[in-house]
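Numbering of residues begins at 1 and proceeds along the displayed sequence. Everything numeric here is computed off the predicted structure, so don't read it as measured data.
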Amino acid sequence: MKKKYVFRLEPVLKVRKLKEENCRMELGQELQMLTKIEDQLKHDQAEIENYYKIQEGALKNGMTAGQLQAFPMLIAGKERNIELLNRDKTRQERIIEEKKQELATLRGELKVIENLREKDYNEYKKALNKEIDLQVEEQTQLWLQNKDK
């Protein structure tokens with residue numbers, strides 16, 4: 001009887017699986033960062049709208065010139081922050097695309113090794129079945145010879 005099946009490239013397969021899993025986790029982290037940036041963008045845009053509403057309400061009720069000057073500075077600060085967040089969002093999207101490409105490459109490499117393992121296993125099974133068939137045939141021949149005697 002043959003030995004138990006052993007794939008000689010199993011360590012390579014494990015390393016490829018690990019790399020693919022790590023890349024998948026990194027992609028998830030990058031996507032989380034993008035979500036945080038988008039959430040902050042929405043928050044800042046809502047804050048600008050809120051500042052305009054507060055300013056309108058204050059103008060109706062009366063305000064000092066110093067208070068009136070504060071609103072354009074607040075709005076300008078939020079708009080600058082939105083510009084920076086948009087730049088970060090663009091950079092983050094580029095990083096995500098690179099990670100997706102890297103993941104696709106790693107998946108392809110992993111698939112190649114898995115296909116090699118499957119092919120090697122099928123050859124092993126074929127050889128094992130052939131050996132078993134030969135043993136059965138030998139035993140049948142021996143049985144037939146002993147039956148005649």
Heavy-atom pair with the smallest gap, counting every atom of R117 and F7: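 Closest approach of R117 to F7, heavy atoms only: CA-CE1, 3.4 Å.
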Side chain to side chain donor-acceptor pair (under 3.5 Å) assessment of Q40 paired with D44: CA-CA 6 Å; Q40 186 62 45; D44 285 354; 2.9 Å; yes
Any chance you could measure [X], atom [atom1], to [Y], atom [atom2], to the nearest 0.5 Å?
| X | Y | atom1 | atom2 | answer |
| --- | --- | --- | --- | --- |
| Q45 | N81 | CD | CG | 11.0 Å |
| L144 | Q139 | CG | CD | 12.0 Å |
| T140 | Q145 | OG1 | CD | 11.0 Å |
| L85 | L41 | CG | CG | 4.5 Å |
| L34 | D39 | CG | CG | 9.5 Å |
| N129 | N122 | CG | CG | 10.5 Å |

Determine, using the 4.5 Å side-chain heavy-atom cutoff (strictly less than), whether [X] and [Y] are members of one ILVMFWY cluster.
| X | Y | result |
| --- | --- | --- |
| M33 | L27 | no |
| L13 | L9 | yes |
| V136 | L128 | yes |

Test item: Q92 side-chain N/O and E30 main-chain N/O as donor-acceptor pair under 3.5 Å: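 Checking the backbone N and O of E30 against the side chain of Q92, a donor-acceptor pair under 3.5 Å is found.
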More than 12 heavy atoms from other groups under 6.0 Å of NZ on K78: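 Yes, NZ of K78 has more than 12 neighbouring heavy atoms, counting only those of other groups under 6.0 Å.
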Pairing residues for Y121 by the side chain to side chain contact (heavy atoms under 4.5 Å, CB included) criterion, not counting sequence neighbours: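 Applying side chain to side chain contact (heavy atoms under 4.5 Å, CB included) to Y121 gives Y5, Y124, K125.
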Note: K130-D133 ion pair, threshold 4.0 Å (strictly below):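 Result for this pair is no, no salt bridge flagged.
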Residues I48, I82; criterion side chain to side chain contact (heavy atoms under 4.5 Å, CB included); working and verdict: CA-CA 10 Å; I48 288 175; I82 287 173; 3.6 Å; yes
Side-chain polar contacts of residues 94-115 - donor-acceptor pairs under 3.5 angstrom, sequence neighbours left out - could you list them?
| residue | atom | partner | partner atom | Å |
| --- | --- | --- | --- | --- |
| K99 | NZ | E26 | OE1 | 2.3 |
| T105 | OG1 | Q101 | O | 3.0 |
| N115 | ND2 | K111 | O | 3.4 |

